[in-house]
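The figures that follow rest on heavy atoms only: side chains count, while hydrogens, waters and symmetry mates do not.
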Amino acid sequence: MVTLALFIATFLSAVEGTIVSTAMPTIVGDLEGISIMNWVFSIFLLTSTLTTPIYGKLADNIGRKPVFIAGLIIFLTGSVLSGFSASMPQLIIWRAIQGIGAGAILPISNTIIADIYPPEKRAQIMGINNSAWGIASVVAPLLGGLIVDNFTWRWVFFINLPFGLLSMILTLMFLKEDKRATEGHLDIWGIVWLSMTISGILYGVELLNKAHINWLMIAVVAIVAVVGLLLFIKREKRAADPIILLDLFKNRTFVIQNFAVGMMAIFLIAYEVYVPSWTQGILGLPATFAGFATTPSSIFWIVGSFIAGKMLSRLKPQKILMISMGLLVVSGTILAFLPTNTPFVIFLLIGVFLGTGFGITVTGSTIISQSVVSLEHIGMATSFNTLIRSLAQSISISIFGIVMNQSLQNGIAQHPDKHLTVGMFNKMINPHTVDELPNKIVPVMNNIYHTGLRNIFIVAVICMILAFVYNLKHQDQGVVQ
């Protein structure tokens, strides 16, 4: 019952990003404010990322159950208020509250799983729970379209309430844990400096997504982030009860595992965002069908988690990462060099291997990170693992945008006789509007866009190679007990 409660909550959090994307055109038509609509997504990401390490620390101090329930209450409150929004600024404020609650759901869910399951079984359950993100990527667009077409966009938010309450009731009834005595006071200054660092990073990423990049502003934000990080490190060295224990970074296994999962997260975002774009824009498949290109990876993520469970009791962490990252590097390299006319079924086949690699890497790194810390720091270690993945994905999506834009500009410059513009590619990647372009230039545009996709995947694969090499050069401790 507890596992079911965790899955429901994780699924609600995972669905929230994509389902709002589907409903956004309708929301903008109702509330207006198209110039600030990006903040509906950005603020949710910012507040959920900011609060993740705080919840991890609170879970270690006062218990998983009260922190998880508090996060759910905040998330549901933000959901209901979002549904009642009368303007775009209001929706942004309520989404911020929703994000504050969402920051508790995934890390605390994985921490609870660590409490109630031994490592081998834990890997299987964690794989099932984390598969909610893959399932959500397929279900959310369909669900969002269904809600918007038959009801009102407000139910995109209201639908969280009954399922969230069910999760809360199941947790209250069936999760049993000993009361924890709070040791010391919450490190407020640590929270301030960490928030300053993360806010600087995420706002800098947001600035990189602008059509006209203000490099001076980005430099200022970068300085703020660096100063925040230095002040945070200084504070945590002398804090009686730090938000993130710096001693964790003296453990080589902990550092390697989190570096690897961060690099993997970069490739994951490239795969999930750009493979559907490839199958829709180059192969000309409908959006709904193209979205299923990544479905095998979601299914085999669970398989990878089961495999990770078996590996944990038999192999050293270094060997596990060699296998999972090696699988991802090989599969990712093949993906990067596929030709433009690759059949759709090949993407499904590659998804099988990538999903297995993702499952082994994420589940293995989470459990290993939990196993190398003491019991009272499991929440902290789990939330840090989640934080690294979130930051890596947030930063990489902007980097990939820059890579794609530069690739398109280079391709356009090589074909001056075609009179191409970047705006024309918006029509090319949409099967419903590609017919508006002259037939003779579409193959050229396909090749240019394919080059951009290849460059993105090459960057992502290089990141995974770095993790593979770093892991290979550092020996770590024995198998997880």
Side-chain angles (χ1 to χ4, degrees), residues 7 10-11 14-15 17-18 106 110 113 122-142 257 260-279 285 289-312 320-338 342-368 385-386 389-390 392-393 396 453 456-457 460-461 463-465 467-468:
F7 182 85
T10 302
F11 183 75
V15 159
T18 312
L106 182 60
N110 284 338
I113 290 171
R122 188 190 312 169
Q124 300 171 12
I125 301 302
M126 204 172 283
I128 294 172
N129 194 59
N130 288 341
S131 71
W133 295 87
I135 296 171
S137 68
V138 177
V139 172
L142 302 176
Q257 293 295 324
V261 83
M263 293 298 99
M264 185 229 70
I266 292 173
F267 182 82
L268 177 62
I269 201 72
Y271 173 72
E272 290 188 339
V273 170
Y274 290 102
V275 165
S277 179
W278 182 328
T279 54
L285 298 174
F289 195 74
F292 285 104
T294 58
T295 300
S297 72
S298 302
I299 297 170
F300 278 83
W301 187 305
I302 303 175
V303 175
S305 297
F306 275 71
I307 295 172
K310 301 297 183 183
M311 287 180 169
L312 285 166
I320 297 173
L321 265 187
M322 281 179 62
I323 294 170
S324 66
M325 296 304 290
L327 184 61
L328 290 174
V329 167
V330 173
S331 302
T333 302
I334 293 172
L335 178 64
F337 290 97
L338 290 177
T342 300
F344 182 73
V345 68
I346 299 299
F347 292 98
L348 300 181
L349 184 61
I350 290 176
V352 169
F353 295 100
L354 289 177
T356 304
F358 292 147
I360 296 173
T361 305
V362 171
T363 306
S365 75
T366 304
I367 295 174
I368 292 168
N385 187 272
T386 305
R389 287 160 55 188
S390 298
Q393 291 185 337
S396 62
L453 292 171
I456 285 171
F457 289 126
V461 169
C463 289
M464 292 194 299
I465 291 174
F468 181 84

Measuring from [X]:[atom1] to [Y]:[atom2], what's the distance to the nearest 0.5 Å?
X: Ile346; Y: Thr279; atom1: CD1; atom2: OG1; value: 13.5 Å
X: Ile113; Y: Ile125; atom1: CD1; atom2: CD1; value: 7.0 Å
X: Glu272; Y: Phe267; atom1: CD; atom2: CZ; value: 10.5 Å
X: Ile266; Y: Ile456; atom1: CD1; atom2: CD1; value: 13.0 Å
X: Ile367; Y: Gln257; atom1: CD1; atom2: CD; value: 10.5 Å

Can you name the residues that form a side-chain contact (heavy atoms from CB on, under 4.5 Å) with [X], not counting sequence neighbours?
X: Thr361; answer: Met264, Leu321, Ser324, Met325, Leu328
X: Ser305; answer: Trp301, Thr363
X: Ile323; answer: Met311, Leu315

- So Tyr274 and Phe457, would you call those rings parallel, tilted or perpendicular, with 30° and 60° as cut-offs? perpendicular

4.5 Å side-chain heavy-atom contact, [X] and [Y]:
X: Asn110; Y: Leu106; value: yes
X: Leu349; Y: Val345; value: no
X: Ile269; Y: Arg389; value: no

Taking all atoms of both residues into account, what is the closest heavy-atom pair of [X] and [Y], and its distance?
X: Met322; Y: Phe468; value: O-CE1, 3.4 Å
X: Gly364; Y: Ala308; value: N-CB, 4.3 Å
X: Ala270; Y: Ala460; value: CB-CB, 4.1 Å
X: Tyr271; Y: Ser297; value: CE2-OG, 3.4 Å

- Under the ring-ring contact (aromatic ring centres under 6.0 Å, His included) test, residues paired with Phe347 that sit two or more places apart: Trp278

- Does CZ belonging to Phe353 count more than 12 external heavy atoms closer than 6.0 Å? no

- What residue pairs, at least two apart or across chains, pass salt bridge (Lys or Arg N to Asp or Glu O under 4.0 Å) with a residue in residues 357-366? none

Just distance, no hydrogens or angles: give the donor-acceptor pairs under 3.5 Å from side chains in residues 331-338, sequence neighbours left out.
from, atom 1, to, atom 2, distance (Å)
Ser331, OG, Leu327, O, 2.9
Thr333, OG1, Val329, O, 2.6

